[in-house]
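Written out below as structure tokens is the structure these notes cover.
Computed from a predicted structure; not experimentally measured. Worth knowing before you read on, the calculation uses all heavy atoms, side chains too, and leaves out hydrogens, waters and symmetry mates.
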Amino acid sequence: MEIVKKQITLHHTVSVIGGFMGGYTIFNHSDVFANAQTGNLIRLVLSACSGDFGSIGFLALSFAVYAAGNAFYAVARRYSRLSMKIVSLIITSLSVPPVSVLCLSGNPILSILPLCFAMPVQWNAYKSAAGNSSATTFSSNNVRQAVIQLTNYLMDRDRKSARNARFYWMTLLCFHIGVAASCLLSLFFSVQSIWFAYFFIAAAAVAYYRYESEKIRAFPDRK
């Protein structure tokens, strides 16, 4: 169905945003990954165990902000009249200026906190597409599913496995296109390369509009 194709296009476009934000924070901000917390929590425990108390405060704060992003999603999903997909794009758009301002003010580490808030909102808003559970902000499950689905196809020649494998491999490709873009732009514009995120956000907004328009055409009674 055309609606499924546009949903997949939207998911892959948003994955570019996730890759861009992840690459931006790692490249520009001491290898801190704002999109997820596994690595940061490991570093928090290691810092505590090794007596590196200087980084504990920031890592704990980044966790608190990330948790707040998840809590915001739960509340907004219940009370907002807007689709959480568009709410996520709005939140991501609003996170860009504070990142830039905090960098200019001499707080390069604290500047990633707005992204620590925005990325879990994106993860929850775009957690699946075409029946596939898939994160747009990190790659662990996407790698697992891409390999499993491809292996299933090679063993069984099952068309559904082939479609699923293609979906996950494309998600990984799009995510890492975003990573590459963040790296190349950071080489020329350093921390202010964050402003280029608006190009990808705009592309996602267009993909969202096309997806919603197709939904209205497919299900006119659900306007």
Side-chain angles (χ1 to χ4, degrees), residues 1-27 33-36 69 73 82-93 95-96 115 118-153 158-186 193-219:
M1 290 178 62
E2 191 64 26
I3 190 171
V4 175
K5 292 180 181 178
K6 285 186 168 53
Q7 184 185 38
I8 291 173
T9 298
L10 173 59
H11 188 86
H12 288 157
T13 306
V14 173
S15 295
V16 178
I17 298 175
F20 182 88
M21 296 306 191
Y24 171 83
T25 57
I26 289 176
F27 191 90
F33 187 42
N35 292 20
Y73 174 85
L82 292 175
S83 163
M84 288 308 298
K85 287 181 169 57
I86 199 66
V87 169
S88 169
L89 295 179
I90 291 171
I91 294 297
T92 302
S93 296
S95 72
V96 171
L115 300 182
M119 288 298 95
V121 178
Q122 177 176 308
W123 178 21
N124 285 293
Y126 295 92
K127 56 181 176 288
S128 64
N132 296 302
S133 178
S134 170
T136 62
T137 56
F138 54 87
S139 297
S140 298
N141 182 62
N142 293 328
V143 170
R144 180 179 70 89
Q145 290 284 6
V147 173
I148 287 175
Q149 295 296 335
L150 178 59
T151 303
N152 287 339
Y153 169 70
D158 177 60
R159 290 186 178 181
K160 182 178 180 181
S161 294
R163 288 194 301 270
N164 291 342
R166 184 165 54 249
F167 169 83
Y168 284 108
W169 284 112
M170 281 299 300
T171 301
L172 287 168
L173 175 62
C174 291
F175 182 89
H176 289 91
I177 286 173
V179 174
S182 70
C183 177
L184 294 173
L185 290 167
S186 293
S193 60
I194 187 64
W195 291 100
F196 288 92
Y198 281 124
F199 287 103
F200 306 113
I201 295 170
V206 171
Y208 172 80
Y209 172 78
R210 296 183 65 189
Y211 170 58
E212 288 296 321
S213 297
E214 187 61 33
K215 282 172 62 178
I216 291 172
R217 283 194 290 269
F219 307 105

Rounded to the nearest 0.5 Å, what separation is found between the [atom1] atom of [X] and the [atom2] atom of [Y]?
{"X": "Arg166", "Y": "Ile8", "atom1": "CZ", "atom2": "CD1", "answer": "8.5 Å"}
{"X": "Lys160", "Y": "Gln149", "atom1": "NZ", "atom2": "CD", "answer": "8.0 Å"}
{"X": "Tyr211", "Y": "Gln7", "atom1": "OH", "atom2": "CD", "answer": "4.0 Å"}
{"X": "Cys183", "Y": "Ile26", "atom1": "SG", "atom2": "CD1", "answer": "11.0 Å"}
{"X": "Arg163", "Y": "Tyr153", "atom1": "CZ", "atom2": "OH", "answer": "11.5 Å"}
{"X": "Gln145", "Y": "Asn152", "atom1": "CD", "atom2": "CG", "answer": "9.5 Å"}

For [X] and [Y], which heavy atoms make the closest approach, and how far apart are they?
{"X": "Val96", "Y": "Ala197", "result": "CG2-CB, 4.2 Å"}
{"X": "Ala135", "Y": "Thr171", "result": "O-CG2, 4.1 Å"}
{"X": "Pro120", "Y": "Leu115", "result": "CD-O, 4.3 Å"}

Heavy-atom side-chain proximity of [X] to [Y] below 4.5 angstrom:
{"X": "Thr9", "Y": "Tyr208", "answer": "no"}
{"X": "Ile17", "Y": "Ile201", "answer": "yes"}
{"X": "Met119", "Y": "Ser95", "answer": "no"}
{"X": "Ile91", "Y": "Gln122", "answer": "no"}
{"X": "Phe167", "Y": "His11", "answer": "yes"}

Next on the checklist: Under 6.0 Å between ring centres: does that hold for Tyr73 and Trp123?
Outcome noted: no
Item to check | Sidechain-backbone polar pair: Asn35 side chain, Thr137 backbone, donor-acceptor under 3.5 Å | outcome: yes
Next on the checklist: Test your reading of the model: is there a side-chain donor-acceptor pair from Asn132 to the backbone of Ser128, 3.5 Å cut-off?
Outcome noted: no
Checklist entry - Does the side-chain contact (heavy atoms from CB on, under 4.5 Å) test come out yes or no for Trp169 and Val143, once each step is laid out? => result CA-CA 8 Å; Trp169 284 112; Val143 170; over 6 Å; no
Item to check | Candidates Trp195, Phe200, Tyr198, Phe175 - the one meeting ring-ring contact (aromatic ring centres under 6.0 Å, His included) with Phe20 | outcome: Phe200
Checklist entry - In terms of side-chain heavy atoms, does Asn142 have a donor or acceptor partner in Ser134 at a distance below 3.5 Å? => result yes
Next on the checklist: Looking only at side-chain N and O atoms, does Ser193 offer a donor or acceptor that is under 3.5 Å from a partner on Ser186?
Outcome noted: yes
Next on the checklist: Please determine whether a side-chain nitrogen of the Lys or Arg among Glu2 and Lys6 lies less than 4.0 Å from a carboxylate oxygen of the Asp or Glu.
Outcome noted: yes
Item to check | Passing option when Ser15 is tested against Leu10, Thr136, Leu172 for side-chain contact (heavy atoms from CB on, under 4.5 Å) | outcome: Thr136
